[in-house]
Amino acid sequence: MSIVRRFGMGLLAPLTAVAAAMLITSIVISLSGSSAIEFWEIIFSRPADRVFVNIVNQTSLIYLAGLAAAIGFRMNLFNIGVEGQYTLASYAAASLAGAALFPGLLNVFMSLLLAVAVGAAWAGIAGVLKVTRGVSEVISTIMLNAIAITLVGYLLNRYGVKVGNGVRTEVIPDGSRVDGWFPFAEPDGPVWALGLLAVLGGIGFWVLLNKTRFGFDLRATGASQSAAVASGVNVNKMVVYSMLMSGGIAGLIWMPSLFGAAYSYGTTFQAFLGFTGIAVALLGRNQPVGILVGAVLFAFLNEQSNRLTLETDISANVVQITQGVIVLAVVVAYEVVRRYRTKLEQRSVTETLEADKTAKGKAVSA
Amino acid sequence: MADTATTHAVVLRDIGKRFPGVVANHDVDITIRTGTVHALIGENGAGKSTLMKILYGVQRPDEGAIILGGQEVQLHSPTDAIAHGIGMVFQHFMLADNLTVLENVVLGAEKLHGIGDAARKTVAELSDRYGFGLDPDQLVEELGVGDRQRIEILKVLYRGAKTIILDEPTAVLVPQEVDALFENLRVLKEEDHTILFISHKLDEVLAIADDITVMRRGTTVGQARPGSVTKHELAEMMVGSELPTPAKEGSTVTDEVQLELANVSVVDPRGRSLLTDISITIHRGEVLGIAGVEGNGQAELVETIMGIRKATYGQVRLGDVDITSWETRGRREAGIGYIPEDRHRHGLLLDSPLWENRILGHQTRRPVAKGMWIDRSGAREDTDRIIEQYDVRTPSTDTLCRALSGGNQQKLVVGREMSGAPALLIASHPTRGVDVGAQAAIWEHIKRARKDGLAVLLVSADLDELIGLSDRIEVLHRGRLVAEFDPRDVTPQDLGAAMTGAHEDAS
Ligand SMILES: Nc1ncnc2c1ncn2[C@@H]1O[C@H](COP(=O)(O)OP(=O)(O)OP(=O)(O)O)[C@@H](O)[C@H]1O
Ligand SMILES: [Mg+2]
C-alpha cells in the first residue's frame, strides 16, 4: 500500500468518529429544542485571535495530561490518578514559587522540579502498593485523587492568602513569571512559554518508547507480561518506574498556566485536566501524534463552546457529549477500519496471485 | 461420487484462504471418510492449521465449498461447526485448573443437560463408553497432560461432535500417553466418529491413520494409505528431502563445569514441594537430557535456572559464579539462552513484528541494542540472518509474529536463543511443532554449538530426541531426580518405566 493511502487509512477512523459524534450531538441538540445548525455555526466559526491563543495554550495542558496517562496505558497500568497528582503538584509548585526562595528563573526551575517530584511521588505510592501489596492501581489512584484534592483544600485554607471570598497561594514575583509570545495584539494574551514543556514531552515520549531499551521493556510488559518476565524484565521495577514517570509528567500539566497567567494556586486553578488526559490518550491510541490530534480537538471544542452560553440558549456542556461520543466512536471506528484494511490487503494479494496464475498457465500451455 | 457422498463425513473442495502477504490455502481438496482416522501432514506453514480452522468455523474461506454429510454448508463460527457435529481440540488446552472435570466439560454448554445430575450422568457415561477413565468430580489441577487432553476431547463429544479435529495432539505427550490417546481414538472410531488430526510425527501417523493427506505450500499434494507407504516416502512428499536420523557423533563433553545445581529445592507458598533436592552438573560441550511426564517439575526446574523462580534451598552456579540470587536479566546476559516450553506465553510478543521479537530477551546486548538505545537496523539484519539460517517462512521481518505458523514461530525462538553464542542453553521441547526437516536442522545447530563448548539442558517429551541428542539422561518424577541413564544403552521402554515412577517405587 502506498504511503498516501496508508496515511489516509490512518485518518479514516478518527474522521468517521468525529462525523458520528457530530451527528449524535446534533440529534441531542434538536431533541432539546434548540438549533443544531446554530451550534455548529458557532463551533466552526473562525476563532477570534484571543480564542486562538487559548486553544494553543489549552492544547499544551491537555497534551501533557494525555502523555501522563498514556505512559501507564502502554504498560496496561491504569493510572486514573493523574488528576490528584497534578493537583497536588500544582499546589506545591505554586507555594514554592510564591515563597520566592530562589531568584528569577532559578525559582521557576526549582518549582518545576518540585512539581515533577510531587507528581511522581504521589503516583509512586500507587506503584509501590501494587508491587508490594497487590493493590490494583485503579482503586488506589482513585482514592489518592480524593485524598490529594481534600489535602490541597485543607492546606490552602490553612496557609493560603485570603482574597475577597477566595483563598490562594502567594503570588509569584514578577521576575519569576514566564509569559511567552504575543502572536496577536497584547490584549489577546500570550502563548505560554512553558507550553514548550508539552513539545519536549511529546518528543521525549516518542524517543523513549521507540528508541530506548527502557521503552522496549515497557512496551513488552504491556504486550505480554509473561514473555517480558522470561526475557528478563523485572516487572515490579517497571511498574514503579512507569508510575513515577506518569506522575512526573502529570506534575507539569498546569505549569504553563501557573507561570504564564495564573501566578498563584487558587480559584484560577483548572481542574479536571487529568480526566481529559485519559480521554485524549484513548483517542490518540497512546501514540504521541494521536494524542496531539486529540488534544487539539478537545481544546478547540472547549474554547469554541464558550461562546454558546453568551450567544445561544444551548449549554456549553453539550460539547462534552460531543467529546464523549468521539472517544467511544473512535474505539469502534479503529476496529472497523482495521478489518476493512485487512480485506483490502487480501484483495491485493488475490490480484497478484491471479496475475501469477495466468502467467504460469500461459507458460505451461506454451 | 454423489451416491457415496453420505459416507463422506467431510469433503473440502477448492478451498482458498489468503492472509496479507501469504496464500495460506489454495485449491485444497480433501475427502474424509466417515469412521476413519485421517491424518494431515505437511511442513511448517503448509496451511494445515488454517484449513482446520476453516472447517471449525474460526476462519472463513475466501473460496471453495465445505460439504458435510453430502450437504454444502456455510460455517460462520465454531457454534455453527458444532451444530454440524464438528469439534476441535486446539494445541493449547483451554481448561480452568480450579474447576472439576465435570464443570470444565459443562462450562458453556449448560443448555444441553443442565449442570446437575443429568450432566454428571452424561459425562460419566461418555467417559466410560470411550474408556477415558475420568472422574467427573476430580479437580483439573490434579491431572496430567494426558488426562487434560481427554477432557478436551470429552468436551467436544459432550457437545455432540461426530467429527473431531485434533491439532498436533501428540506434541505434548510422552509415548505412553500417545499410546493411551490412540487407544481412545480407536474406540471413538468404532463408534463411528471421524477423527482428523495434524501431526509432525510420521511414526505415529503410520500407526493410527487410515488415510493420510499431505499438504505443501498451501495445497494438498498427495494422499496415501499407511499400508502402502513408508516413512521415507511420506517425508519426501512433505518436504522433498531425506528423513533425519539423530545420529550420534563422538562425545564433546569437557571436564569444565558450566552449570551446577547443588541441593536445589523449591517449595511453593502453600508449602508444597515442587522440586526436592536436585543436584545436577552440566559440563561445557555436554547435553543433559531431562525425561519426565509433563508436570513433574520440569517447568519449575527450568524457571529456577532462569531466575524466574527463586530456589527455596540450594545453590545455582554458572561456571564458578554463584548466581542463586541473580535476576533473569543478569543470567541471560551471562550467556544463558532460553527456549521456553510455551512459546506463546513466554517466548514471543505475538502482536509485534519479527524484528522486535529478535530483541526480546536480548534487550541489553548487541547487535540489537547499543548502550541505552535499541538498534533497529541491527535487529532487522540479525532477524534476516535467523530467517535464512533457520528457514523461517515469513513474508518479511516486519510481519507480526502472530501471522507465522506454529512451527515457524518455534524456529524463530530457537534461532534467537542460539544467537550470540550462548554458554548454556536451557531448551524445553526445542523442536515442538516443527516439521521433520526443520527438526533435523535444529538438532544440527545444537550439535554444532555443542562442539564449540555449549552446555545444554534439554527437556523433551520426544524420547528419540532425548536419546539422540543427550550425553546423559536424568529422569524427573514428582520433583525428584529418580534415575540416570546412558543414552547409548537405554531403550524408550526403560525410560518410560522410570518416568511413570517405577524406579521410585522400587527404592
Ligand atoms: N492470522 C494469520 N494472519 C496472517 N497469516 C497467517 C495467519 N495464520 C496463518 N497465516 C499464514 O498462513 C500460512 C499457513 O499457516 P498455518 O498455521 O496454517 O500452517 P501449518 O501448516 O499449521 O504450519 P505448522 O506446522 O508450522 O503449524 C503461513 O504462511 C502463515 O504465516
Ligand atoms: Mg499449525
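We name chains A, B, ... by the order of the sequence lines, and we start the count at 1 in each one.
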The complete set of side-chain hydrogen bond (donor to acceptor under 3.5 Å, both in side chains) pairs with one or both residues in residues 236-250 of chain A, sequence neighbours excluded, reads A/Asn79-A/Ser246
Side chain / backbone / both / neither for B/Arg345 at chain A, heavy atoms under 4.5 Å: both
Heavy-atom pairs under 4.5 Å with chain A - which of B/Leu348, B/Thr364, B/Ile308, B/Asp351 has more of them than the others? B/Thr364
To the nearest 0.5 Å, atom CZ of A/Phe216 lies from atom NE2 of B/His362 at 10.5 Å
Please flag which part of B/Ile359 lies under 4.5 Å from any non-hydrogen atom of chain A: side chain, backbone, both or neither. both
For the residue pair B/Thr328 and A/Val229, what are the closest heavy atoms and their distance? CG2-O, 3.9 Å
Taking side chain as C-beta onward, heavy atoms only, is B/Gln363 less than 4.5 Å from A/Val233? yes
Chain A contact via B/Glu303 - side chain, backbone, both or neither, heavy atoms under 4.5 Å: neither
For the CG atom of A/Asn234 and the CD atom of B/Glu327, what is their distance to the nearest 0.5 Å? 4.5 Å
In residues 366-380 of chain B, which residues are in contact with chain A at a heavy-atom separation under 4.5 Å? B/Ala369, B/Gly371, B/Met372, B/Trp373, B/Ile374, B/Arg376
Looking only at heavy atoms, what is the nearest atom pair of B/His346 and A/Ala230, with distance? O-CB, 3.3 Å
Would the number of heavy atoms belonging to other residues, nucleotides or ligands and lying under 6.0 Å from CD of B/Gln59 be above 12? yes
Note: A/Ser231 and B/Gly361 closest approach over all heavy atoms is CB-N, 3.3 Å
